[in-house]
Protein chains: 2
Amino acid sequence: MKLATLKDMSRDGKLLVVSKNLKKAIHAKSAPTMQSALDDWDNVAPRLKEEYDQLNAGNAEAAFDFDETACTSPLPRAPQWLDGSAYVNHVELVRKARNAEMPPSFWEDPLMYQGGSDTFLAPHENIKMESTDWGIDMEAETAVILGDVPMGAKKEKTLDYVRLIMLVNDVSLRGLIPQELGKGFGFVQSKPSSAFSPVAITPDELGDAWKDGKVNLPISVDLNDLPLGRVHAGVDMTFNFGKLIEHAAKTRPLSAGTIIGSGTISNKDKDGGPGKPIVQGGLGYCCLAEERMVETILDGKPSTPFMQFGDNVKIYMNDEDGNSIFGMMNQDVEKYNPPA
Amino acid sequence: MKLATLKDMSRDGKLLVVSKNLKKAIHAKSAPTMQSALDDWDNVAPRLKEEYDQLNAGNAEAAFDFDETACTSPLPRAPQWLDGSAYVNHVELVRKARNAEMPPSFWEDPLMYQGGSDTFLAPHENIKMESTDWGIDMEAETAVILGDVPMGAKKEKTLDYVRLIMLVNDVSLRGLIPQELGKGFGFVQSKPSSAFSPVAITPDELGDAWKDGKVNLPISVDLNDLPLGRVHAGVDMTFNFGKLIEHAAKTRPLSAGTIIGSGTISNKDKDGGPGKPIVQGGLGYCCLAEERMVETILDGKPSTPFMQFGDNVKIYMNDEDGNSIFGMMNQDVEKYNPPA
């Protein structure tokens with residue numbers, strides 16, 4: 001089942017059922033909004049599935065052409081957004097870039113931060129920032145939307161609570177991170193609003209590619225329409241979503257609509273970058289920080305800048321036949337002028 | 001205006017208008033839930049105010065006795081919860097307890113962490129935890145609920161976005177904090193679900209006690225019905241709510257329903273503690289960590305344990321005539337058994 005949220009005058013938008021091939025959509029009859037569907041998932045999901053089957057069979061009344069640019073985030077606001085850092089390879093590289101040591105426990109105990117969930121960006125919404133001095137970077141990730149998870153749920157059970165899967169651009173302000181993390185309380189200013197893919201899907205839509213609590217497909221990141229990364233989301237994911245959910249739920253329950261992200265996808269074997277060919281086995285990057293780190297290792301200093309005003313990032317994931325699964329995030333960086 | 005949320009079968013509860021003296025309530029006619037009122041505040045607030053005035057005048061139809069034990073958190077779930085640490089005195093003491101230095105910049109640049117906003121505890125709901133080894137502690141604070149704040153709003157303007165004020169118990173797991181903060185990404189496991197006072201009030205209800213973006217009254221904390229603290233929320237608040245909101249909104253807008261906390265209230269001049277008289281000028285504590293720190297300074301080691309199963313904490317704030325303003329948080333610590 002594939003779902004999306006149409007922008008309207010309300011804060012939570014209007015729930016859409018989207019056809020498997022992303023060509024057609026209908027206004028969901030079974031629930032007005034994504035959050036209301038998640039709040040009562042066991043009752044609503046089977047009815048949404050009927051609507052989805054009718055749509056795919058060409059039998060849905062009032063089907064219309066699906067326009068992902070008219071969509072907001074599947075959840076325009078959510079009760080909770082937690083982002084793991086499951087690709088420990090990325091953590092190790094970013095720490096190296098900050099001249100910070102990574103403790104060996106990081107290979108066993110997941111890193112996770114609590115993010116803001118009140119103002120997610122639409123998938124085709126620009127990233128507006130006051131200054132490029134803040135080091136504007138993308139982070140391409142996978143994420144899951146959960147049902148109600150009891151406190152203390154064990155990782156053997158937690159994948160049962162995964163309702164939907166989507167992609168994330170966890171926008172990061174690299175220039176603000178060292179000072180903010182140095183204060184010891186985690187990210188607030190250095191993690192502005194994240195964006196999500198237009199379409200969220202149930203795990204069964206991925207077939208064999210949803211395995212061991214991981215999305216086993218490459219994610220595509222294009223910077224100014226040149227490939228930056230074709231990084232595999234499965235192979236180097238140290239902690240699967242089951243483990244990440246267990247970590248999040250250790251001392252508190254998680255309520256329906258909680259989103260958990262994988263952290264920036266990262267492969268150990270890299271190459272490529274904007275304008276450079278992505279060669280066999282060299283899969284590029286899901287964020288510029290990592291490319292800059294590899295440049296530093298190779299050349300003594302980074303040569304790729306962070307994103308500038310006017311730069312564009314596209315993030316999407318294709319199935320093995322080359323068809324888009326989640327639709328695309330397509331975002332320009334734009335100058336923002338704060339109120340006087 | 002005073003508002004509360006009645007528990008019902010729904011996730012967001014039912015909005016109540018509560019009389020100034022907390023004796024009577026009515027089901028709000030102007031909005032079904034607190035979040036829906038905040039989403040459309042400019043339209044809804046004047047109508048709620050009419051209902052409030054009628055209730056206080058004894059003219060409200062269908063008024064009933066207000067029972068704060070039937071209430072859930074004013075916002076049972078919120079799009080965002082950010083907690084500042086505005087009493088730098090507290091930060092300095094807690095850091096000392098961890099043998100960590102406090103950088104001088106902490107007197108100018110607020111500390112703030114992003115908390116989970118999906119599962120707030122009701123004001124009379126027990127704090128259920130698997131283990132007291134985690135070091136269960138209360139943190140008594142004031143908090144504001146905001147309207148929509150534009151990104152980059154300046155502190156001279158941000159107090160205009162304060163819609164409601166309430167009290168918080170920011171439950172903390174002291175035993176988990178050092179290891180988790182050591183990982184560098186802030187709090188997840190060491191800050192379980194917070195509780196809020198039953199009643200949220202508009203700033204005008206505080207009269208002169210809402211001044212310079214601070215609540216200028218003492219907060220009361222009782223541990224097992226003995227006074228632990230009568231700490232003044234105004235005098236040592238280094239950063240007012242205007243500054244905290246500016247900090248939170250630097251790189252992203254904040255949406256209606258965002259809650260910002262003050263951090264544990266702390267006064268420089270301390271004394272008292274459970275079973276000990278609170279003497280003139282010695283105002284006690286809003287959390288046990290701080291009492292333990294003072295004990296360590298005086299006696300070389302802490303003598304007060306963190307909360308044990310069966311312990312009770314009550315947090316409330318009285319006006320100058322001794323009347324409760326927000327109702328009470330009244331919570332026992334209870335053993336939790338996680339699912340197998």
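Throughout, a chain's letter reflects where its sequence line sits, starting with A, and its residues are numbered from 1.
To the nearest 0.5 Å, the span separating CZ on A:Arg252 from NZ on B:Lys191 amounts to 11.5 Å. One finds the CG atom of A:Leu82 at 12.5 Å from the CZ atom of B:Phe185 (value rounded to the nearest 0.5 Å).
For B:Thr258, the part sitting under 4.5 Å from any heavy atom of chain A is the side chain, from C-beta outward, and nothing else. Using a 4.5 Å cut-off between heavy atoms, A:Glu101 makes no contact with chain B at all. Contact annotation for B:Gln179: only side-chain heavy atoms (C-beta onward) come within less than 4.5 Å of a heavy atom of chain A. Interface residue A:Asp109: backbone and side-chain heavy atoms are both found under 4.5 Å from chain B. Within the 4.5 angstrom heavy-atom criterion, only backbone atoms of A:Pro110 (N, CA, C, O) approach chain B. Of the two parts of B:Trp134, only the side chain, counted from C-beta on, holds a non-hydrogen atom closer than 4.5 Å to a non-hydrogen atom of chain A. For B:Ala249, no part lies under 4.5 angstrom from a heavy atom of chain A. Of the atoms belonging to B:Lys154, it is side-chain heavy atoms, and not backbone ones, that fall under 4.5 Å from chain A. Neither the backbone nor the side chain of B:Ser10 comes within less than 4.5 Å of any heavy atom of chain A.
B:Asp118 places a side-chain N or O within 3.5 Å of a backbone atom of A:Ser255 that can act as its donor or acceptor partner. Distance alone, capped at 3.5 Å, is enough to place a donor-acceptor pair between the B:Gln189 side chain and the A:His247 backbone. Between the side chain of A:Tyr113 and the backbone N or O of B:Gly184 there is no donor-acceptor pair closer than 3.5 Å. Panel note: side chain A:Glu130, backbone B:Thr251; no donor-acceptor pair is recorded below 3.5 Å. Formation of a donor-acceptor pair under 3.5 Å by the B:Lys183 side chain with backbone atoms of A:Pro103 is not found in this model.
Enclosure of atom NZ in B:Lys157 is not indicated, since only 12 or fewer non-hydrogen atoms of other residues, nucleotides or ligands lie within 6.0 angstrom. Shown here is B:Lys128, whose NZ atom has no more than 12 heavy atoms of other residues, nucleotides or ligands within 6.0 Å.
Counting all heavy atoms, side chain and backbone alike, A:Gly152 lies closest to B:Pro338 at O-CB, 3.8 Å. Taking all atoms of both residues into account, the shortest heavy-atom contact from B:Pro339 to A:Ala153 is CG-CA, 4.1 Å.
Ranked by heavy-atom pairs shorter than 4.5 Å toward chain A, the options B:Gln35, B:Met102, B:Glu180 are led by B:Gln35. Interface remark: of the candidates B:Gly115, B:Pro150, B:Ser193, B:Gly115 forms the most heavy-atom pairs closer than 4.5 Å to chain A. Put simply, of B:Ala248, B:Ser85, B:Ser117, the one with the most heavy-atom pairs under 4.5 Å next to chain A is B:Ser117. The greatest number of non-hydrogen atom pairs below 4.5 Å with chain B, out of A:Asp40, A:Leu173, A:Asn337, A:Asp148, is found for A:Asp148.
With a 4.5 Å cut-off on side-chain heavy atoms, A:Leu254 and B:Thr119 do not count as touching. Counting only heavy atoms from C-beta outward, the side chains of A:Gln114 and B:Phe187 never approach each other to under 4.5 Å.
Among residues two or more places apart in sequence or in another chain, the salt bridge (Lys or Arg N to Asp or Glu O under 4.0 Å) test is passed with A:Asp39 by B:Arg11, B:Arg77.
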